[in-house]
Amino acid sequence: MSRTKVSGVLPHGWAGIDFSKSALRVAQQLIGKQLTVSGVGGIIVETEAYDEGEAAAHSYTGLTPRNAPLFGPPAHAYVYLSYGIHWCLNIVCREAGHGAGVLIRALEPTTGIPAMMRRRGASDPHMLCSGPGRLGQALAVSPQLSGKAIDSSPFELKTSITAPSIVRGRRIGITKAPERIWRFGLRGSPFLSRPFPTLMKV
DNA sequence: TAACCGATTAGCT
DNA sequence: GCTAATCGGTTAA
């Protein structure tokens with residue numbers, strides 16, 4: 001896989017992304033990168049940023065066994081169970097101890113599509129990875145992956161689309177801090193979990 | 001140990 | 001567009 005050291009000091013850069021930067025920056029930089037778990041995955045087309053100290057973030061109420069990876073080193077996975085059903089994947093950013101991360105909300109499926117169709121019980125490619133819960137099921141995201149480094153097995157993160165056109169909008173499904181326009185998407189992608197109503201270009 | 005709450009989805013109307 | 005389903009983590013007692 002491609003591993004690019006960005007800062008020269010911090011070993012936190014992969015696929016041209018420096019994960020020691022803010023969630024807001026990393027969320028945008030992840031758009032257009034290819035993410036796979038055990039060779040199954042696709043191109044990231046939708047992300048959301050969650051920053052330390054904001055009420056909508058899982059790190060807001062402090063360190064717990066569940067959210068511990070959020071307070072760990074950047075470029076590691078944080079997996080949580082949503083609504084008691086869906087396993088969702090985040091990537092930790094900033095320095096260790098901050099509690100910031102980026103939720104991966106949707107992929108354009110590219111590799112391992114038969115496995116995704118089997119796990120999801122669906123054949124429509126738009127039903128495989130469009131939404132954090134669907135993506136988690138298609139890539140077999142599990143709590144065992146929580147805390148694992150994003151640059152090592154079973155994860156793989158590569159550069160795919162160069163200079164993607166990115167749009168931004170309001171985060172989905174949150175009740176706290178809705179004013180933060182921290183959802184990002186690949187402009188015009190048919191694999192978004194939901195459309196961006198007002199087309200705010202980044 | 002019991003109650004409450006979702007960073008959602010699927011299946012309706 | 002609307003709503004039920006679903007269950008681990010958190011909080012309060």
Side-chain angles (χ1 to χ4, degrees), chain A residues 19 22-31 35 37 42 44-72 74 76-94 98-109 116-147 150 166-186 189-198 200:
Chain A
F19 287 97
S22 71
L24 209 54
R25 276 188 65 97
V26 172
Q28 295 170 57
Q29 293 183 353
L30 279 168
I31 301 294
L35 172 70
V37 179
I44 298 172
V45 298
E46 186 181 335
T47 60
E48 278 178 1
Y50 289 87
D51 202 8
E52 60 169 329
E54 63 146 331
H58 284 180
S59 54
Y60 185 64
T61 50
L63 181 76
T64 64
R66 173 177 75 145
N67 67 21
L70 265 182
F71 292 94
H76 284 235
Y78 161 54
V79 175
Y80 72 94
L81 185 65
S82 179
Y83 289 90
I85 309 170
H86 311 287
W87 292 104
C88 302
L89 175 66
N90 295 251
I91 302 179
V92 180
C93 50
R94 297 205 64 182
H98 278 276
V102 175
L103 172 66
I104 311 299
R105 286 191 55 90
L107 304 180
E108 173 178 344
M116 292 193 247
M117 293 197 297
R118 178 164 23 90
R119 290 165 180 167
R120 291 274 304 123
S123 54
D124 182 351
H126 303 98
M127 288 290 112
L128 298 180
C129 297
S130 296
R134 292 168 176 167
L135 184 159
Q137 189 180 20
L139 271 59
V141 170
S142 70
Q144 286 79 26
L145 296 178
S146 202
I150 210 71
I166 299 173
V167 290
R168 70 186 292 176
R170 179 172 288 202
R171 291 181 295 188
I172 295 181
I174 52 116
T175 54
K176 300 152 189 162
E179 74 283 0
R180 300 202 172 191
I181 312 299
W182 283 6
R183 175 182 175 229
F184 300 93
L186 178 64
S189 172
F191 296 95
L192 299 171
S193 68
R194 299 172 61 171
F196 285 76
T198 57
M200 295 178 62

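Not measured: the values here are computed from a predicted model.
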- Task: Please state how far atom NE2 in A:His86 lies from atom P in B:dA10, giving the value in whole angstrom units.
- Result: 7 Å

- Item | Beyond-backbone contact of A:Leu103 with A:Cys88, side-chain heavy atoms, under 4.5 angstrom | yes

- Query: Would the number of heavy atoms belonging to other residues, nucleotides or ligands and lying under 6.0 Å from OH of A:Tyr60 be above 12?
  - Reply: no

- Query: Looking only at atom types and distance, does a side-chain atom of A:Gln28 sit under 3.5 Å from a main-chain N or O of A:Ile166, one as donor and one as acceptor?
  - Reply: no

- Item | Residue A:Arg66, side-chain atoms from C-beta onward, closest of C:dG9, B:dT8, B:dG6 | C:dG9

- Does any residue of residues 47-62 of chain A have a heavy atom under 4.0 Å from DNA chain B, and if so, which ones, in number order? A:Tyr50, A:Ala56, A:His58

- Task: Verify whether the ring centers belonging to A:Phe191 and A:His126 lie closer than 6.0 Å.
- Result: yes

- Item | More than 12 heavy atoms from other groups under 6.0 Å of CZ on A:Arg119 | yes

- Message: Return the CG to CG distance between A:Leu89 and A:Leu107, rounded to the nearest 0.5 Å.
- Response: 9.0 Å

- Measure from CH2 on A:Trp87 to P on B:dG6 and round the result to the nearest Å. 18 Å

- For the pair made of CG in A:Asn90 and P in B:dT8, what is the distance, rounded to whole Å? 11 Å

- Item | Spacing of A:Tyr83 atom OH relative to B:dA10 atom P, expressed in whole Å | 14 Å

- Whole-Å distance between B:dA7 P and A:Asn67 CG? 13 Å

- Query: Hey, is the side chain of A:Thr64 poking within less than 4.0 Å of OP1 or OP2 on C:dG9, counting only N and O atoms?
  - Reply: no

- Message: Tell me the interatomic distance from A:Arg134, atom CZ, to B:dA7, atom P, rounded to whole angstroms.
- Response: 18 Å

- Between CZ of A:Arg194 and C1' of C:dG1 the distance, given in whole Å, is 11 Å

- Could you give me the CA-CA distance, side-chain angles and deciding distance for A:Gln137 and A:Arg120, then say whether side-chain hydrogen bond (donor to acceptor under 3.5 Å, both in side chains) is met? CA-CA 6 Å; A:Gln137 189 180 20; A:Arg120 291 274 304 123; 2.7 Å; yes

- Note on the structure: Base-pair string, DNA chain C, Watson-Crick plus G-U, cut-off 3.5 Å on both distances, | for inter-strand, is |||||.||||||.

- Note on the structure: Taking B:dT9, B:dG6, C:dA5 as options, the one with an atom nearest any side-chain atom of A:Ile85 is C:dA5

- Message: Salt bridge or not between A:Glu48 and A:Arg171? Use side-chain N to carboxylate O under 4.0 Å.
- Response: no

- Other residues, nucleotides, ligands: >12 heavy atoms within 6.0 Å of A:Arg180 CZ: yes

- Message: When you measure from the side-chain N and O atoms of A:Arg180 to the phosphate of B:dA7, is any distance below 4.0 Å, counting only OP1 and OP2?
- Response: no

- For A:Leu81 and C:dG8, give me the distance from atom CG to atom P, rounded to whole Å. 7 Å

